[in-house]
Amino acid sequence: MEHKYSPKDVEQKWQAIWDEQKTFKVSVNKDKPKYYLLEMFPYPSGRIHMGHVRNYSIGDVIGRFKRMRGFNVMHPMGWDAFGMPAENAAIQNKSHPATWTYENIAYMRNQIKKMGFSYDWDRELATCDIDYYRWEQKIFLEMFAKGLAYKKTSYVNWCPKCETVLANEQVEDGGCWRCDTDVNQKELDQWFFRITDYAEELLENTYKLPGWPERVLVMQRNWIGKSFGCEIDFPVKNSAEPIRVFTTRQDTVFGATFMSLAPEHPRALELATPDHKDEVVAFIDKIRKTDRIKRTADDFEKEGVFTGSYCNNPVTGALMPIFLANFVLMDYGTGAVMAVPTHDQRDFEFAKKYDLPLKVVIQPSGVTLDPLVMSEAYTEAGIMANSGQFDGLQSNDAKEAIADFLQAQGQGAKTVNFRLRDWGISRQRYWGNPIPVIYCDICGVVPVPEQDLPVVLPKDVAFSGEGGSPLAQMESFVSCTCPLCGMVARRETDTMDTFVQSSWYFLRYCCPDFKDGILDRESADHWMSVDQYIGGIEHAVLHLLYARFFTKVLRDLGHTSADEPFTNLLTQGMVIKDGAKMSKSKGNVVDPDALITKYGADTARLFSLFAAPPEKDLDWNDQGVEGSFRFLNRIWKLVHDRLTMIQNAGLPDLDLLTAEERNLRRSVHKTIRKVTEDLEERFHFNTAIASVMELLNILQPAEYSSAQFPAVMKEALQNVIILISPFVPHMAEELWQRLGNFTPLTQTAWPDYDQSAVIDEELLVVVQVNGKLRSKITVAAGTGEEEVKALALADEKIAQFILGMTVRKVICVQGKLVNIVVG
RNA sequence: GCGAGAGUGGCGGAAUUGGCAGACGCACCAGACUUAGGAUCUGGCACCUCACGGUAUAGGAGUUCAAGUCUCCUCUCUCGCACCA
């Protein structure tokens with residue numbers, strides 16, 4: 001590696017040094033402020049893609065910069081290694097998911113190392129390692145003991161292609177989040193995590209995460225879906241048991257004219273009178289066969305069936321027919337809705353279809369609604385009417401009054417309702433963490449005793465791809481004895497959702513080798529929370545909500561003090577090419593390996609940081625990559641061209657500098673200031689890089705001007721190298737060394753700019769007439785306002801624009817602009 | 001429908017606090033070196049105009065000495081939510 005820039009040689013050299021010297025290994029060090037930097041760990045699918053390159057390049061700039069700023073940076077990497085693709089690949093290739101996974105990890109680790117990222121590889125973990133998942137089983141048992149893990153039979157989302165259950169969060173537009181197959185409903189006995197216990201805190205803390213993008217917080221708030229309202233009991237005719245509804249519009253209760261129940265409502269059949277029974281049964285059957293997705297689509301036609309039973313409006317006493325309605329959902333509220341057709345659009349449409357009575361109880365100001373001519377429900381606030389003692393009140397005020405009234409009457413109570421449902425974690429697949437539970441005919445559900453952990457995932461399984469989970473067909477795994485009574489028992493064969501592993505890996509990174517428990521609390525408390533987390537927005541309500549939940553659970557179980565896992569979150573945009581997301585089917589995939597071979601990792605990193613700010617989508621452009629490569633070559637060449645001249649130069653003597661040299665230094669120190677600000681406060685890597693490019697454009701043509709020139713040029717080039725080092729660390733280290741520096745940049749402090757050097761000696765002042773740019777004048781720094789105004793007015797270009805006009809006003813912005821207002 | 005964000009040259013993007021719109025890069029054009037150029041270097045490059053100058057930040061109004069930036073209206077796009085009672 002001599003005069004020509006050869007990225008391959010340079011990169012191999014420095015990667016070997018970082019590896020051998022464990023440059024990025026960190027341990028607890030109380031002398032420095034800690035900085036926990038984390039990018040979302042990859043699924044070992046086989047090879048890294050450009051999304052990874054971008055994600056990890058962003059992280060690496062921050063990591064290297066913070067390190068040079070004096071932080072003790074913990075920057076780990078690992079593998080989200082359980083999951084279905086491994087199992088599917090194993091079925092196809094007649095191999096084993098473990099083999100497939102570990103081979104992929106080996107290949108991808110090598111790829112990531114070739115990018116030169118500053119990871120502490122001693123903290124590497126894979127979630128399919130026994131030493132990882134055993135502790136997760138312990139977490140499960142501790143959650144089970146506290147009632148935070150429980151089993152229930154319910155309708156769950158079933159992906160027929162993956163042959164497994166999906167959590168609500170994992171269904172997107174009615175399809176499986178992984179394979180897009182339409183999801184249907186299946187009644188199964190499944191394990192759940194009681195995330196709803198944490199709904200309130202999860203919601204409340206979204207207001208205490210200023211370092212998160214607002215849109216992620218909004219998505220989480222929507223998902224949690226807190227609403228305030230009332231539960232109201234409606235007495236059922238010929239029954240002692242009332243129907244309880246949840247409503248946020250108790251102000252409309254006087255207008256409730258019928259009742260709608262979810263078809264799955266437990267009382268649906270009981271309420272069907274003999275002459276309506278057949279119809280009701282047929283309707284329930286029909287709805288069960290319709291999947292939830294179609295059912296909840298907004299253009300799905302409202303449909304229902306009369307049960308034959310009636311209830312009474314608790315405040316008016318009016319008789320209300322009880323219907324089953326397809327749009328009422330069992331898993332929201334109580335599964336029963338008081339229908340107020342005049343003030344709810346769904347109820348309105350339903351009432352029109354089945355010819356049910358309409359009664360207006362809220363009047364908008366200035367208009368009187370007539371139920372006979374209404375064409376849609378009036379859902380806004382207004383003045384109460386036909387509502388007894390509440391008439392004349394503002395409907396918003398009446399909400400409170402009616403709630404109090406119902407409560408006093410014993411007919412209802414104020415309540416809060418959440419949309420968030422408990423997290424179903426059972427998966428009918430092999431390649432996951434076994435749920436550590438045993439079923440005994442005598443003792444029931446028995447947790448595996450702690451001393452028997454881990455429940456090891458057996459290796460010698462047959463993968464037929466048919467008939468469900470291989471674990472269930474493996475007698476040696478299933479058959480066991482009950483830890484309580486010693487009788488023959490069966491082992492749980494479901495494994496945990498892979499999102500469980502990613503919900504706490506950031507905690508385990510703090511103590512990956514800890515052998516005595518889930519977490520070494522001291523280490524976890526030292527490093528947590530993650531100061532900067534970086535990843536794709538697609539996890540806004542999946543991983544990011546589960547991880548928050550788990551952090552709180554582990555806190556309450558006494559394993560950490562952290563309330564929230566991630567203090568700052570950066571959601572990077574997608575990598576796009578030719579107007580579309582990179583995908584094999586589109587044929588627009590850029591292969592990181594090919595890129596590294598052709599240009600080197602530094603160029604790949606540089607372009608992915610330069611082409612767009614991190615949170616925006618990045619438009620990949622092969623010619624743009626060439627531009628980044630050119631820039632690096634120009635730096636390489638400039639340093640080598642000046643090498644002999646500057647090699648022995650010391651620091652410049654500031655008193656002897658020529659004006660040109662002072663200007664050069666000013667550019668250098670302004671660039672230091674600019675890059676520092678862009679990295680520190682804004683993560684605007686593209687503009688930071690642009691400013692170094694600008695500096696290079698100034699340095700390149702600079703000519704020898706005095707005996708001080710070599711020193712000035714040396715200072716300039718040293719700083720250029722430092723400033724680009726977080727982006728292109730290999731080239732920077734190499735040039736740094738060639739300039740004669742013995743301490744590597746990884747142990748060099750980030751420079752402060754020289755405050756006196758950045759002060760301008762002359763200022764360019766823009767002169768406007770009536771707000772239009774007419775001239776520019778140069779004034780010495782410190783020239784007084786009056787003098788600047790005078791100079792502007794005396795400028796010959798300005799003269800022609802103010803000739804014969806009256807100067808009404810002259811505005812002067814110090815050192816920037818003069819605006820002469822004439823008329 | 002509701003909520004959030006965005007709209008700037010041929011393209012990616014800059015403009016941080018209301019103060020020169022288009023930094024930086026790509027593409028393109030011209031020139032130099034060259035047997036050659038898909039290497040390198042120099043210069044040009046928003047639009048209209050020979051020029052003086054005029055017009056331009058989705059469109060329209062407004063505030064201001066001054067608006068890409070602030071206010072109001074309209075349009076378009078992206079994302080999220082969406083029968084949630």
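Chain letters run A, B, ... following the sequence lines, proteins first, then strands; residues in each count from 1.
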### Summary
Once base and sugar-phosphate atoms are separated, protein heavy atoms under 4.0 Å mark nucleotides 45-55 of chain B, 5' to 3', with B, S and - as --------SSS
Complement of [N], any strand, by Watson-Crick or G-U distances under 3.5 angstrom:
N      : result
B/rC47 : B/rG54
B/rC70 : B/rG62
B/rA4  : B/rU78
B/rC26 : B/rG10
B/rA21 : none
B/rG38 : none

[atom1] atom, [N] versus [M]: distance in rounded Å?
N      : M      : atom1 : result
B/rG38 : B/rA32 : P     : 16 Å
B/rG10 : B/rC83 : C1'   : 47 Å
B/rU34 : B/rA56 : P     : 49 Å
B/rU42 : B/rG60 : C1'   : 46 Å
B/rG31 : B/rU49 : C1'   : 26 Å
B/rG9  : B/rC47 : C1'   : 9 Å
B/rC2  : B/rG18 : C1'   : 32 Å
B/rG5  : B/rA66 : P     : 29 Å

### Query
Base, sugar-phosphate, or nothing: which does A/Asn697 touch, judged by heavy atoms less than 4.0 Å apart?
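Sugar-phosphate only.
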### Message
Less than 4.0 angstrom from a charged side-chain N to a carboxylate O is my criterion; do A/Glu303 and A/Lys286 meet it?
### Response
yes
### Message
Which heavy atom of A/Arg421 sits nearest to which heavy atom of A/Tyr332, and what is that distance?
### Response
NH1-CA, 4.3 Å
### Heavy-atom closest pair, residues A/Pro341 and A/Gly255
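Smallest interatomic distance, heavy atoms only, reads CD-O, 4.1 Å.
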### Query
Rounded to whole angstroms, how far apart are CD1 on A/Ile820 and P on B/rG19?
20 Å
### Query
Between B/rU16 atom C1' and A/Lys674 atom NZ, what is the distance in whole Å?
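For the pair A/Lys674 NZ and B/rU16 C1', the rounded distance is 7 Å.
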### Task
Step through it carefully: locate the ring centre of A/Phe258, locate the ring centre of A/Phe350, and say whether they are under 6.0 Å apart.
yes
### Query
Syn or anti: how is B/rG9 classified when any glycosidic angle within 90° of 0 counts as syn?
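Syn, angle within 90° of zero.
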### Message
Under the rule for side chain to side chain contact (heavy atoms under 4.5 Å, CB included), what residues qualify as partners of A/Val590, not counting sequence neighbours?
### Response
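Residues passing side chain to side chain contact (heavy atoms under 4.5 Å, CB included) with A/Val590: A/Met50, A/Lys577, A/Met582, A/Leu595, A/Trp620.
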### Task
Assign each of A/Leu817 and A/Lys616 to its nearest nucleotide of RNA chain B by heavy atoms, then name whichever residue's nucleotide is nearer the 5' end.
A/Lys616
### Query
Using 30° and 60° as the class limits, which term best fits the ring planes of A/His539 and A/His543: parallel, tilted or perpendicular?
perpendicular
### Message
Set out, in order, the CA-CA distance, both residues' side-chain angles and the distance that settles side-chain hydrogen bond (donor to acceptor under 3.5 Å, both in side chains) for A/Thr206 and A/Arg221, then state yes or no.
### Response
CA-CA 7 Å; A/Thr206 61; A/Arg221 280 173 208 144; 2.8 Å; yes
### Query
For A/Gln800, does the CD atom have more than 12 heavy-atom neighbours from other residues, nucleotides or ligands under 6.0 Å away?
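Yes.
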